[in-house]
Amino acid sequence: MAIVCKFGGTSAKDGQTLERVVDNIILADERRKVVVVSAQAGITDKLIKAGSQQYSNDGNPEDLLINVMEEYNRSASHFNLGDNFLKLHFDAMHRALANRVDGIQMYLDGVIPYGERFNAEILAAALRSRGANARVYYPEDIGMRTDGKFGGAKLLHDSYKKMEAALKAALSRGEIAVLPGFYGVDAQGRFTILGRGASDITGAHASYAVDAELYENWSDQNGILRAHPNVVEKPESIGNLTYREARELAISGANILHQDTLIPLISKGIRLNVRNTFNPSHPGTYIGPTKTPNGHAVEAVAHRTDFAVVYLEKIGIENEVGYTSRVTEMFARHGLSIERSPDDNDSLAFIVPQNKGENMGKIAAVAREIEDAGLVDKISIQYDRGLVCVVGEGMKDTPGVTAKVSGALAAANINIEMIVHGPSQRNITLGFHPDNVANAVRAIYNAYFGNSAGAK
Ligand code: ASP
């Protein structure tokens, strides 16, 4: 049985950090046999920028590319790998940049995985420099076939058989298999990224393929925190979460895991351990099918901003069969996913992501369409709302959680614009004016986990 470990951008940001990873983590436990690595922190953004400039013949992509190559050369030189260690790989990146395919997303998918590829080569060489038998396995070599959706592809289930065969063969040869994360290939062998932050998902797929005894996700915090450290100073880290709690948190803004990471793990019951590369003695957060009851009604308070609320009023909604489905079909037709939809007798609200402004036109258009179809007496849109999500399996059996949450908010003089207690009873979502979001998180955090004196 093997442990699969994944190192994110900050855990692989330069030679010194990679050295820590090699000596203090990978080689410190011989079960760590499959290693997934992300690009160095910040590189994917640079490659996206350089690729976009190159594609539209605008700006100075070569300057950015030189900077990217220098950063990797610096990491390689930390392990004395020679000046030309990455030359063939840099050439391949330049060929991808010169291959002006039809469609910017397809083009970018062909370019940006190089950040991961360079890092995988350096990490494997660093492991070999310590005497380990390490080898890079590229997604295209181990059968990581996707559905071909550029920008956010999904792995095809059939891929697991090939991945299993390739990786288990590597393990039986005593190798450490190093995988660049973040992408797979379509039926034509073209790179397709699995989404931003998706090296997490590569690690989960590899864990599934090798039946890992544990999937370790190494990042730069002591596991998953009870609130965002930009809002609450030094929030506690969480010892144990169930898969469901972790998924609620990943989706609701605890930005430590890609939200799809748990899906392959859940079906095989593989546990995930979120750890800190810079504090490896800290146990981090364990996520699994169940957890020993710990008496906590609430485990964490996550938050997200950038939502719009489309609010409709119509007398008699509750008697109109099919009303909601007519309205939601309109949102679907405009490509808007509905995050939450609280209702009462004569009114309904739809909370939708603004997507950094990208969805604004669609939101206005859907509201017009609803009005033109005569489906409302009144419709309004509130932009820039924030959602705070209080998560914990334990709230199901604990009376008074909503009272405690709303009491803490009342005491802090914060107005709740909307509140939804999800049917799973694992989650209470509250909507706020954007100016109140941070204070709301702090008030709820402090009510449950003590006073975070000097909270930011
Ligand atoms: N490097 C990729 C990104 O920035 C994937 C990852 O970091 O997981 O999205």
[X] and [Y]: side chain donor to acceptor below 3.5 Å:
| X | Y | answer |
| --- | --- | --- |
| Tyr72 | Glu121 | no |
| Asn415 | Asn436 | no |
| Thr10 | Asp220 | yes |
| Asp384 | Gln354 | yes |
| Asn427 | Thr429 | yes |

May I ask you to test the [X]-[Y] pair for a side-chain heavy-atom distance under 4.5 Å?
| X | Y | result |
| --- | --- | --- |
| Ile338 | Thr328 | yes |
| Leu409 | Leu430 | yes |
| Val210 | Val4 | yes |
| Leu387 | Ser252 | no |
| Met418 | Val309 | no |
| Ile25 | Trp218 | yes |
| Pro180 | Asn119 | no |
| Leu336 | Phe350 | no |

State, to 0.1 Å, how close [X] and [Y] come at their nearest heavy-atom pair, and which atoms those are.
| X | Y | result |
| --- | --- | --- |
| Ala2 | Leu171 | CB-CD1, 3.9 Å |
| Gly203 | Tyr215 | CA-OH, 3.4 Å |
| Tyr107 | Gly51 | CE2-O, 3.3 Å |
| His282 | Ser237 | CE1-OG, 3.4 Å |
| Phe449 | Val298 | CZ-O, 3.4 Å |

Heavy-atom donor-acceptor pair, [X] side chain to [Y] backbone, under 3.5 Å:
| X | Y | value |
| --- | --- | --- |
| Arg247 | Gln259 | yes |
| Tyr243 | Ile263 | no |
| Thr285 | Val274 | no |
| Arg32 | Leu27 | no |

Measure the [atom1]-[atom2] distance between [X] and [Y] for me, rounded to the nearest 0.5 Å.
| X | Y | atom1 | atom2 | result |
| --- | --- | --- | --- | --- |
| Tyr114 | Phe191 | OH | CZ | 4.0 Å |
| Ile104 | Ser52 | CD1 | OG | 4.5 Å |
| Ile416 | Ile419 | CD1 | CD1 | 5.0 Å |
| Thr202 | Met163 | OG1 | CE | 7.5 Å |
| Glu216 | Ser219 | CD | OG | 13.0 Å |
| Ser38 | Leu123 | OG | CG | 11.5 Å |

Please report the C-alpha distance between Ile112 and Phe182 in whole Å, then the side-chain angles of each, then the deciding distance to 0.1 Å, and finally whether the side-chain contact (heavy atoms from CB on, under 4.5 Å) criterion is met.
CA-CA 9 Å; Ile112 55 181; Phe182 189 37; 4.0 Å; yes
I'd like to know whether [atom1] of [X] has more than 12 heavy-atom contacts from other residues, nucleotides or ligands below 6.0 angstrom.
| X | atom1 | result |
| --- | --- | --- |
| Asp435 | CG | yes |
| Arg333 | CZ | yes |
| Arg340 | CZ | yes |
| Glu30 | CD | no |
| Lys49 | NZ | no |

Residue from Leu257, Ile270, Leu265 passing side-chain contact (heavy atoms from CB on, under 4.5 Å) with Ile287
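Result for side-chain contact (heavy atoms from CB on, under 4.5 Å) with Ile287: Leu257.
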Fit a plane to each ring of Phe118 and His89, take the angle between them on a 0 to 90° scale, and name the class: parallel (under 30°), tilted (30 to 60°) or perpendicular (over 60°).
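Answer is perpendicular, since the angle exceeds 60°.
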Looking at [Y] and [X], is any side-chain nitrogen of the basic one under 4.0 Å from a carboxylate oxygen of the acidic one?
| X | Y | answer |
| --- | --- | --- |
| Asp14 | Arg20 | no |
| Glu299 | Arg226 | yes |
| Lys6 | Asp200 | yes |

side-chain hydrogen bond (donor to acceptor under 3.5 Å, both in side chains) partners of residues 182-194, not counting sequence neighbours, each pair once
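Listed by first then second residue: Arg117-Tyr183, Glu140-Tyr183, Thr146-Thr192, Asp186-Arg190, Gln188-Arg190.
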Sequence neighbours left out, what pairs pass side-chain hydrogen bond (donor to acceptor under 3.5 Å, both in side chains) with at least one residue falling in residues 156-168?
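Listed by first then second residue: His157-Tyr208, Tyr160-His205, Glu164-Lys168, Lys168-Asp211.
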I'd like to check the side-chain contact (heavy atoms from CB on, under 4.5 Å) partners of Glu19; sequence neighbours left out, ordered by chain and number.
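Per chain and number, Glu19 pairs via side-chain contact (heavy atoms from CB on, under 4.5 Å) with Asp23, His78, Phe79, Arg130.
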Would you please name every residue forming a side-chain contact (heavy atoms from CB on, under 4.5 Å) with Asp147, sequence neighbours left out?
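Here the qualifying residues are Lys149, Ala153, Lys154, Leu156.
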What residue pairs, at least two apart or across chains, pass salt bridge (Lys or Arg N to Asp or Glu O under 4.0 Å) with a residue in residues 410-423?
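Every pair satisfying salt bridge (Lys or Arg N to Asp or Glu O under 4.0 Å) with a residue in residues 410-423: Arg385-Glu417.
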Arg31 vs Ile3, side-chain contact (heavy atoms from CB on, under 4.5 Å): CA-CA, chis, key distance, verdict
CA-CA 5 Å; Arg31 293 169 304 164; Ile3 293 178; 3.7 Å; yes
Is there a side-chain contact (heavy atoms from CB on, under 4.5 Å) between Thr17 and Phe7? Walk through the geometry before answering.
CA-CA 10 Å; Thr17 315; Phe7 296 92; over 6 Å; no
Checking Lys291 against Tyr286: charged group under 6.0 Å from the ring centre and within 45 degrees of the axis?
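No, a cation-pi geometry is absent between Lys291 and Tyr286.
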Test side-chain contact (heavy atoms from CB on, under 4.5 Å) on Ile142 and Leu179; report intermediate values, then the result.
CA-CA 10 Å; Ile142 58 171; Leu179 275 57; 4.0 Å; yes
Show every donor-acceptor pair shorter than 3.5 Å between a side-chain atom in residues 392-403 and any protein atom, with sequence neighbours excluded, or say none if there are none.
from   : atom 1 : to     : atom 2 : distance (Å)
Glu393 : OE2    : Thr242 : OG1    : 2.6
Thr398 : OG1    : Gly394 : O      : 2.6

